[in-house]
K.L.:
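Here it is, the structure in full.
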2 protein chains.
Amino acid sequence: MSRSNPKVLSTLERAGGFASAQEIYKLMQRNGQRIGLTTVYRSLQSLLKENIVDVLRRDDGEAIYRLCGDSHHHHLVCKNCGSTVEIEGAAIEKWAKSVAAEHGFRDIGHTAEVFGTCSNC
Amino acid sequence: MSRSNPKVLSTLERAGGFASAQEIYKLMQRNGQRIGLTTVYRSLQSLLKENIVDVLRRDDGEAIYRLCGDSHHHHLVCKNCGSTVEIEGAAIEKWAKSVAAEHGFRDIGHTAEVFGTCSNC
DNA sequence: AACAGGAATGAAAATGATTGTCATTATCAT
DNA sequence: ATGATAATGACAATCATTTTCATTCCTGTT
């Protein structure tokens with residue numbers, strides 16, 4: 001059917017593992033890569049199905065994609081300037097596990113993001 | 001400036017305290033109330049600013065509004081069958097606030113979801 | 001009652017992200 | 001080289017939401 005364009009994935013990595021489709025598209029253009037917006041969206045859909053990326057929503061409804069997998073951390077994102085701080089989430093891990101166990105869920109994963117306005121904005 | 005149309009609020013209440021702008025609009029039409037979509041959106045914005053309603057995002061990005069005062073909760077979603085359980089998130093609230101404060105962030109919001117495989121699947 | 005000024009309304013157009021369409025192009029085994 | 005199949009991207013369509021702007025509704029004042 002459709003496989004993901006590897007450059008989309010590497011761009012997402014370079015972006016800090018966290019970006020919207022439109023941002024990835026603009027980044028690739030700036031880097032001189034010829035790619036269509038459609039392909040960016042399609043690649044992200046594929047990466048989603050392969051569980052290589054996760055999707056979240058920003059406050060304005062724009063979908064943001066992030067690499068999932070290895071070192072699990074969360075993000076503190078400025079709604080205004082977009083700056084991102086990686087944060088630890090040990091408390092969340094515990095919470096997710098206990099809540100899931102309570103309801104008999106297995107193979108647990110979770111997403112958690114904090115949005116706000118940073119001290120510079 | 002602009003005050004909220006009281007019928008928008010009562011429709012949201014009748015809808016179970018949980019609906020999108022488009023749904024509220026359609027509900028009001030079915031109930032024979034003459035109102036414009038614009039007014040529905042404007043009223044919801046006002047209710048937001050007055051902290052009478054909260055806004056969340058559905059998976060497809062559509063904004064859903066809910067009366068607040070209902071305790072803020074999160075979701076436990078089955079990856080397989082899609083069944084959803086509402087869960088408490090007091091731990092998350094605290095975590096989000098403390099993490100944000102540590103980094104000097106203001107006007108905090110957060111998202112948190114737990115997903116896995118439910119006992120039936 | 002008539003009037004003025006501001007707020008509220010809603011139809012229609014604009015916006016912006018995302019998805020669908022479809023003709024073209026690249027890839028690959030034969 | 002040939003044909004089959006998958007990938008690509010320009011463009012149009014979709015859908016929620018926002019903006020614009022002319023009109024209507026209030027409300028207090030003469």
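Chain naming here is simple, since letters A, B, ... match the order of the sequence lines and numbering starts at 1 in each. These values consider heavy atoms only, across backbone and side chains, with no hydrogens, waters or symmetry-generated copies.
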K.L.:
Please state whether the base of C:dA17 and the side chain of A:S20 form at least one donor-acceptor pair under 3.5 Å?
P.N.:
no
K.L.:
Between B:E62 (CD) and C:dT18 (C1'), how many Å, whole number?
P.N.:
14 Å
K.L.:
Hey, could you give me each pair passing salt bridge (Lys or Arg N to Asp or Glu O under 4.0 Å) that has a residue in residues 4-20 of chain A? Not counting sequence neighbours.
P.N.:
none
K.L.:
List the steps, then state whether side-chain contact (heavy atoms from CB on, under 4.5 Å) holds for A:V85 with A:I87.
P.N.:
CA-CA 6 Å; A:V85 180; A:I87 51 186; 4.2 Å; yes
K.L.:
Check for me, please, whether B:L27 and B:Y65 land in the same ILVMFWY cluster - side-chain distances under 4.5 Å, paths through other members count.
P.N.:
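Different clusters.
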K.L.:
Who are the salt bridge (charged side-chain N to carboxylate O under 4.0 Å, His left out) partners of A:R58, not counting sequence neighbours?
P.N.:
A:E23, A:E62
K.L.:
Rounded to whole angstrom units, what separation is found between the CZ atom of B:R34 and the C1' atom of C:dG10?
P.N.:
13 Å
K.L.:
Would you say A:T38 places a side-chain N or O within less than 4.0 Å of OP1 or OP2 belonging to D:dT8?
P.N.:
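For D:dT8, OP1/OP2 do not have a side-chain N/O of A:T38 under 4.0 Å.
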K.L.:
Give A:D60 one of three labels, base, sugar-phosphate or nothing, depending on what nucleic acid heavy atoms sit under 4.0 Å from its own.
P.N.:
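Here A:D60 touches no strand at all.
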K.L.:
Under 4.0 Å: is that the gap between some side-chain N or O of B:Y41 and OP1 or OP2 of D:dT18?
P.N.:
no
K.L.:
Under a 3.5 Å threshold, yes or no: a donor from one side chain and an acceptor from the other, between A:Y25 and A:Q29?
P.N.:
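On atom types as modelled, these side chains qualify, holding a pair under 3.5 Å.
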K.L.:
In whole angstrom, what separates B:N5's CG from C:dG10's P?
P.N.:
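The distance from CG of B:N5 to P of C:dG10 comes to 8 Å, rounded to the nearest Å.
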K.L.:
Round to a whole Å and report the spacing from NZ of A:K7 to P of D:dT8.
P.N.:
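Result: 10 Å.
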K.L.:
In whole angstroms, how far is the P atom of C:dA26 from the CD1 atom of A:I35?
P.N.:
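These atoms are roughly 15 Å apart.
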K.L.:
Could you pick out which residue, B:L37 or A:K26, lies toward the 5' side of DNA chain C when each is mapped onto its nearest nucleotide?
P.N.:
B:L37
K.L.:
Does a nitrogen or oxygen in the side chain of B:Q45 sit under 4.0 Å from OP1 or OP2 of D:dT18?
P.N.:
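It does, given that an N or O in the side chain of B:Q45 lies less than 4.0 Å from OP1 or OP2 of D:dT18.
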K.L.:
Round to the nearest Å and state the distance from A:Y25 atom OH to D:dC11 atom P.
P.N.:
11 Å
K.L.:
In whole Å, I'd like the distance from the CG atom of A:L44 to the P atom of D:dG9.
P.N.:
14 Å
K.L.:
Is there a donor and acceptor pair closer than 3.5 Å between the side chain of A:R42 and the base of C:dG20?
P.N.:
no
K.L.:
What is the distance, to the nearest angstrom, from the CZ atom on B:R57 to the P atom on C:dA17?
P.N.:
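Whole-Å distance recorded here is 13 Å.
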